[in-house]
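Notes follow the structure.
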Amino acid sequence: METIPYSRQWIDEEDLQAVCQVLRSDWLTQGPTVESFENGLSEAAGVARAVAVSNGTAALHLCYAGMGVKNGSTGITSPITFAATANALLHCGAEVRFCDVDPATGLMEPDSLEQTIKEQKPAGEEVHLVIPVSFAGRLAPLEEIAQISEAHGFSVVEDAAHSMGAFAKRNEHTLRSASCEHEKASILSFHPVKHICSGEGGAVLTNDEKLADKIVSLRSHGVKRPISNDERAGWYYEQTDLGWNYRMTDLQAALGLRQLKKLDSFLERRRSLADRYHKALKEEPFNEFLEVPAAEEGHAYHLFVILFRNPAHRDQAYEFLQEQGIRSQVHYIPVYRHPYYASLMGNMRLPGAESYFSRCLSIPLFPKLTDAEQEKVLEQLAAFLRAL
Ligand SMILES: Cc1ncc(COP(=O)(O)O)c(C=O)c1O
């Protein structure tokens with residue numbers, strides 16, 4: 001029996017050729033193809049600068065470090081995310097706080113964010129950074145969070161690892177994910193389950209030239225080369241910061257650049273599959289047992305999440321589908337529940353995040369999923385629910 005994964009990449013012959021072409025060239029590490037990929041990314045997002053790096057986690061780390069997050073800083077994110085969003089704060093020596101999410105969507109709740117900020121004040125703790133996650137491909141409440149940031153003076157980074165190509169219509173205006181309209185920066189991931197893939201890969205996007213230059217330096221050990229009219233010898237370079245080797249290779253960038261050209265068609269296919277799911281799941285027997293987060297025109301559908309009205313059914317459904325050769329996944333275990341975080345912050349529980357976590361299951365959604373495979377997912381899910 002062929003297994004249907006919950007997500008996977010789609011690599012075609014032209015992708016293979018693009019990577020082989022780099023293998024035959026002089027540049028394997030960061031070179032001209034990384035620069036072309038960066039130009040493509042900044043153009044696609046409509047931002048001044050894109051800095052491509054080795055993965056999305058490195059993008060978060062460099063972004064926070066480049067913004068001056070350090071020992072004594074505090075960052076707030078939501079717990080319904082991959083741990084990397086919070087881990088990168090810890091890597092900078094900062095404190096992590098979690099605010100709650102909307103139990104219907106898993107997105108950061110602005111009221112809970114404000115409450116969490118107020119709770120820090122008696123301890124004298126200033127909040128320096130807030131990282132909303134445009135989870136599953138739905139835009140986080142970026143405008144509301146920007147308004148709160150004006151009152152409290154923190155910076156905002158959008159974790160857009162799930163939301164390449166997402167947008168939301170606001171009256172006359174279209175707000176785009178990763179456009180940095182309200183944020184200092186945003187980050188992307190090009191892991192194989194994401195909208196476009198480069199093997200591993202990530203990027204920081206920003207309109208702040210100084211921040212981008214800093215991240216470029218930190219990506220490569222904090223080393224700077226003299227500017228072209230500098231009179232020192234051509235071999236001269238100096239380390240002015242403590243950075244890392246988080247460079248992307250030209251091999252990764254060649255794949256990423258080719259995939260970027262297919263972003264629109266990938267998004268179209270994701271949205272059409274999601275539409276099919278939405279229509280089917282409104283009907284019997286699904287509607288009796290499931291709640292499905294509302295459809296939204298600009299949703300980029302990195303994940304298709306269903307919520308079980310009865311949490312006990314979620315794990316049973318996971319097992320049943322697995323036996324039928326259908327992989328599903330739970331996105332996410334709230335980050336504070338991981339033993340590492342529990343050892344730092346004790347037994348934290350946030351009601352919205354707990355409700356979401358106990359009921360959520362991501363069912364297969366990726367551009368290469370065939371109509372027949374999607375039909376099988378629906379049939380098997382229906383078979384499971386009918387037997388309850
Ligand atoms: C929301 C979110 N942020 C950040 C990351 C980190 O990206 P990467 O796996 O490319 O390091 C991920 C990866 O799954 C993610 O889902």
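Source: prediction; values computed, not measured. For ligands, and for the atoms within them, numbers begin at 1 and follow the listed sequence.
Residue-level contacts of ligand 1 at the 4.0 Å heavy-atom threshold are N55, G56, T57, L60, T81, F82, A84, T85, V133, D159, A161, H162, S189, K194, G201, Y332.
In this structure, D241 does not pair ionically with K224, as no charged nitrogen and carboxylate oxygen lie closer than 4.0 Å.
Across E38, E35, E209, a single residue satisfies salt bridge (Lys or Arg N to Asp or Glu O under 4.0 Å) together with R49, and that is E209.
Residues meeting the salt bridge (charged side-chain N to carboxylate O under 4.0 Å, His left out) test with E150, sequence neighbours left out: none.
Between the side chains of Q30 and R219, at least one donor N or O sits under 3.5 Å from an acceptor N or O.
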Extract all donor-acceptor atom pairs below 3.5 Å that involve side chains of residues 57-67 and protein atoms in other chains or at least two apart in sequence.
residue	atom	partner	partner atom	Å
H61	ND1	Y246	OH	2.9
Y64	OH	T85	O	2.8

Let me check something: any side-chain donor-acceptor pairs from residues 361-377 under 3.5 Å, sequence neighbours excluded? List them with distances.
residue	atom	partner	partner atom	Å
S362	OG	H331	ND1	2.7
T370	OG1	E373	N	3.0
T370	OG1	E373	OE1	3.3
D371	OD1	R269	NH1	3.4
D371	OD1	R269	NH2	2.9
E373	OE1	T370	N	2.9
Q374	NE2	L273	O	2.8
E375	OE1	R276	NE	3.4
E375	OE1	R276	NH2	2.9
E375	OE2	R276	NH2	3.2
K376	NZ	Q324	O	3.0

